[in-house]
Amino acid sequence: MIDLQPWAPALTILASIVTAAYVAWRLVLLLAPGLYRKMIKNNTISVDDFVGGPPSPTSAFKSWFLNRLNVGTRVAKKEGYPLKTEDSDKVAGLKVTSRNETGKKGVATTSNNPPVVVGTIRMGFGHHRIAYAATSWGLGEKKGGFLGLGGDDKDRETFFHDFLNIESEEAQLIKDMDKMYSKGSRLASELGGAVEKFWGSLTKSGDEDSLRMTYQFAEHMVPLINGLDKNSPIIASHSMVACAAVAAGFKNVINLVIDNHAQWFVVVPGCLNLVQGPSNYHSLLKMGVPEDQVQIAGHWIPRDLVEGIPDASARRTARRKAGKPLRIIIPVGGAGAQRKFIVNLVGALSGLVKEGKVQLFLNAADHEHMKEAFIGALESNDMDYDKVVDMKGVQSFREKMLTEEPKKNVTLFTYDDYFTAVATTDILCNVADVLCCKPSELAFYPIPKLMIRRVGDHEAYSAMRASELGDGTLEVREVPEAVRYVELFLTTKLIETMNNSIEANNKIGIYDGCKNAMRIALERSKKM
């Protein structure tokens, strides 16, 4: 009789499990291409053609499995929800879309031309900020036609179309996804270390499969945009909006590509992808994006900031020469991450604030936890502050800052509504000396920038763009290094140098991205 060692049965069981798992995985890979083909069979656009070919069996399973996690066995609908528009109570002249609960189809317009639709998704602040920047170039003075282009566009309306403003099961799917992303961003920022490294790698690895998943999810979002005029130009500040527009059959779709890091999931097949700078353009071409579907436009900046560059730069230079306090605006992003870093930075700057050398404009946005964190930091460091809580207050504050100094060296901006939370940073940029922020969409803004610790690795490339253009620093990952830069702003000509770069960049159209996007959309419209 064979005398088995005690560990032999366990080894046999383990070997059986490994063998069964291997066989099961090989079976999954065998079935995966068929599952994938079934999933995409009714798609309007072929993502595989766009990225250079069909997925491997592993990628096919990944795309199918993650789509199942996103939407389950749900069948994508096509019929658009009835929509209506209302005048924005925040932006004069802007029309905001929402679901028409009466069921009446067709959106009323006062123009003979279909509206320009700026589509977005309220996921974080960045996509909304870019969308509002784009609409700003479709409003205001229109002598000689829309944006002075001539022709019959002077009465064309501009719609702000936020997918989350369309009450529906599709909008709820997006909200559920956004909650997971925001939670991940906050955890990565707070915990740091391995968690931050893992999260950073996820945000940087937007490969072909990520585009397949984004587009497949967007096929389910078609009802959110299919109630609009198909002749409308669509300018999308979120790739999912552009994907849904293409899937719905819109022919004049422009995707405003975010960041400065080329990834498949930020571009969209079947539309014109506009990028903010040359390195992203080169990289996307090298990846295989067709040349006729990608173009350089410039940075995504609102109209009043671009047109205010000469005066704002002159004010900043004059303030430094006169030895006035350095005004630093510190905003919080839409996910509410960076709490630990920003609170520590505020504490580290308390000495300079009390000496009257630095003024802080702290935008806690609509995040209650950031409001409490700011107040805790200010009180623990014995720093007195004023508070602004509504749009009227921030607009009044900006007007006073054009000619006066704030009553206290710290002003805390905190709100209950989302729009004012986003808009405050834009409103204050032209009366601040330095914008201190992570390298997000704000990294491209025409103001001297102190780029602080990123939340995702993809953001590092945006800081590099700012530094190379001369209007911002490289990414600063530690509080003492950030304080050192503040000291340099106070004691050297660094701000004047950055202002000179901003003015030079402005002269060659670096900040005209949204203006160009609007122009291109209208020019394409006339050719169709």
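Note: hydrogens, waters and symmetry copies are ignored here, and every other heavy atom, side chains too, is used.
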Checklist line | Interatomic distance, Ile121 atom CD1 to Asp162 atom CG [nearest 0.5 angstrom] | finding: 7.5 Å

Check: Between Asp457 and His261, does a side-chain hydrogen bond (donor to acceptor under 3.5 Å, both in side chains) hold up when you go through it step by step?
Finding: CA-CA 9 Å; Asp457 284 359; His261 177 49; over 6 Å; no

Margin query: On a heavy-atom basis, which atom in Ala134 and which in Val118 lie closest, and how many Å separate them?
Written below: CB-CG1, 4.1 Å

Margin query: As a quick check of understanding, evaluate side-chain contact (heavy atoms from CB on, under 4.5 Å) for Leu428 and Phe413, giving each step before the final call.
Written below: CA-CA 11 Å; Leu428 295 180; Phe413 300 84; 3.6 Å; yes

Notebook entry, point to check: If you measure from the Lys or Arg side-chain nitrogens to the Asp or Glu carboxylate oxygens, is any gap between Asp512 and Arg519 under 4.0 Å?
Noted result: no

Note to self: Ignoring hydrogens and geometry beyond distance, is a side-chain donor-acceptor pair present between Thr424 and Asn363 at under 3.5 Å?
What the structure shows: no

Margin query: Within the 4.5 Å heavy-atom criterion, are Val306 and Lys515 side-chain neighbours or not?
Written below: no

Notebook entry, point to check: How about Phe419: does its CZ atom have over 12 heavy atoms from other parts shown lying under 6.0 Å from it?
Noted result: yes

Next item on the list: May I ask you to test the Cys243-Phe265 pair for a side-chain heavy-atom distance under 4.5 Å?
Entry: no

Margin query: Donor-acceptor pair, distance only, cut-off 3.5 Å: does the side chain of Arg129 make one with the backbone of Val422?
Written below: yes

Check: So which heavy atom on Leu272 is nearest to which on Arg524, and how close?
Finding: CB-NH1, 3.8 Å

Check: Just wondering, do Leu402 and Arg315 contact through their side chains at under 4.5 Å, heavy atoms?
Finding: yes

Notebook entry, point to check: Measuring from Ser313:OG to Asn506:CG, what's the distance to the nearest 0.5 Å?
Noted result: 8.0 Å

Checklist line | Check against side-chain contact (heavy atoms from CB on, under 4.5 Å), Ile174 and Leu224 | finding: CA-CA 11 Å; Ile174 299 173; Leu224 300 177; 4.1 Å; yes

Check: Going from CD on Gln276 to CG on Leu256, what distance comes out if it is rounded to the nearest 0.5 angstrom?
Finding: 8.5 Å

Next item on the list: Kindly state whether the ring of Tyr215 and the ring of Phe50 have centres lying under 6.0 angstrom apart.
Entry: no

Next item on the list: Carefully, step by step, assess Gln295 and Ile520 under the rule side-chain contact (heavy atoms from CB on, under 4.5 Å).
Entry: CA-CA 10 Å; Gln295 183 176 329; Ile520 292 167; 3.4 Å; yes

Next item on the list: For Glu170 and Arg74, run salt bridge (Lys or Arg N to Asp or Glu O under 4.0 Å): C-alpha distance rounded to whole Å, both residues' side-chain angles, the deciding distance at 0.1 Å, then the answer.
Entry: CA-CA 11 Å; Glu170 289 84 0; Arg74 184 181 188 276; 2.7 Å; yes

Item checked: Gap between atom CD of Gln216 and atom CG of Asp209 - 0.5 Å precision -> 12.5 Å

Check: Within the distance-only criterion (no hydrogens, no angle test), does the side chain of Lys230 pair as donor or acceptor with the backbone N or O of Ala248 below 3.5 angstrom?
Finding: yes

Notebook entry, point to check: In terms of heavy-atom contacts, does NZ of Lys90 have more than 12 from other residues, nucleotides or ligands at under 6.0 Å?
Noted result: yes

Next item on the list: Looking only at non-hydrogen atoms, find the nearest pair between Ser462 and Ser440 and report the distance.
Entry: CB-O, 4.3 Å

Note to self: Given 3.5 Å as the limit, does a donor-acceptor pair link the side chain of Asp390 with the main chain of Gly393, or not?
What the structure shows: yes

Checklist line | Which atom of Ala364 lies closest to which atom of Val332, heavy atoms considered | finding: CA-CG2, 4.3 Å

Notebook entry, point to check: Which is it for Asn499 and Glu503 under the side-chain hydrogen bond (donor to acceptor under 3.5 Å, both in side chains) test, yes or no, and what are the steps along the way?
Noted result: CA-CA 6 Å; Asn499 279 327; Glu503 293 191 78; over 6 Å; no

Note to self: Under a 3.5 Å threshold, yes or no: a donor from one side chain and an acceptor from the other, between Ser232 and Asp229?
What the structure shows: no

Check: Is it true that a side-chain atom of Asn260 and a backbone atom of Tyr461 form a donor plus acceptor pair closer than 3.5 Å?
Finding: yes

Checklist line | Exam field: side chain Asp426 to backbone Cys429, donor-acceptor pair closer than 3.5 Å | finding: no

Checklist line | Minimum side-chain heavy-atom gap Lys449-Leu442 below 4.5 Å | finding: no

Margin query: Using a 3.5 Å distance criterion without hydrogens, assess whether the side chain of Ser63 forms a donor-acceptor pair with backbone atoms of Tyr36.
Written below: no

Margin query: For Glu468, is the CD atom crowded, meaning more than 12 foreign heavy atoms sit under 6.0 Å from it?
Written below: no

Margin query: Looking at Glu169, I'd like to know if its CD atom is crowded, meaning that more than 12 non-hydrogen atoms belonging to other residues, nucleotides or ligands lie closer than 6.0 Å.
Written below: yes

Check: Which atoms form the tightest heavy-atom contact between Tyr281 and Val294, and what is the distance?
Finding: CE1-O, 3.7 Å

Checklist line | Distance in Å, Phe160 CZ paired with Thr120 OG1, rounded so as to fall on 0.5 Å steps | finding: 5.5 Å

Check: Is the backbone N or O of Ala521 less than 3.5 Å from a side-chain atom of Ser525, with the two atoms forming a donor-acceptor pair by type?
Finding: no

Next item on the list: Please test Phe125 against Tyr418 for ring pair (Phe, Tyr, Trp, His ring centres under 6.0 Å), starting from the C-alpha separation and ending with a verdict.
Entry: CA-CA 9 Å; Phe125 287 170; Tyr418 186 90; 5.3 Å; yes

Check: Less than 4.5 Å apart, any side-chain heavy atom of Phe217 and any of Met240?
Finding: yes

Next item on the list: Using a 4.5 Å cut-off on heavy atoms from C-beta on, say whether the side chain of Lys62 contacts that of Met213.
Entry: yes

Next item on the list: Taking the side chain as every heavy atom from C-beta outward, state whether Thr73 and Arg68 have any atom pair closer than 4.5 Å.
Entry: yes

Item checked: Asp366 side-chain N/O to Asp417 backbone N/O, donor-acceptor pair under 3.5 Å -> no

Margin query: Does Asp48 form a side-chain hydrogen bond (donor to acceptor under 3.5 Å, both in side chains) with Ser46? I'd like the steps, not just the answer.
Written below: CA-CA 5 Å; Asp48 293 339; Ser46 171; 5.0 Å; no

Checklist line | Glu475 vs Ile452 side-chain heavy atoms within contact, under 4.5 Å | finding: no

Next item on the list: Decide if atom CG of Asn112 counts as having more than 12 heavy atoms of other residues, nucleotides or ligands within a radius under 6.0 Å.
Entry: no

Margin query: Please check if the number of heavy atoms outside Met464 that lie under 6.0 Å from its CE is greater than 12.
Written below: no

Next item on the list: Just jot down the side-chain hydrogen bond (donor to acceptor under 3.5 Å, both in side chains) partners of Glu79, sequence neighbours excluded, or say none.
Entry: Lys105

Margin query: Check whether Thr158 reaches the backbone of Gly138 with its side chain - one donor and one acceptor, N or O, closer than 3.5 Å.
Written below: yes

Note to self: For Phe65 and Phe61, take the angle between the two ring planes, folded into 0 to 90°, and tell me which bin it lands in: parallel under 30, tilted 30 to 60, perpendicular over 60.
What the structure shows: parallel

Check: Between the side chain of Lys78 and the main-chain N/O of Ala76, is any donor-acceptor distance below 3.5 Å?
Finding: no

Check: Distance from Ile235 atom CD1 to Phe159 atom CZ, nearest 0.5 Å?
Finding: 13.5 Å

Item checked: CA sep, side-chain torsions, deciding dist, call: Leu173, Met221, side-chain contact (heavy atoms from CB on, under 4.5 Å) -> CA-CA 9 Å; Leu173 285 173; Met221 300 301 113; 4.0 Å; yes

Next item on the list: Work out which heavy atom in Ala262 is nearest to a heavy atom in Asn280; give both atom names and the distance.
Entry: N-OD1, 3.0 Å

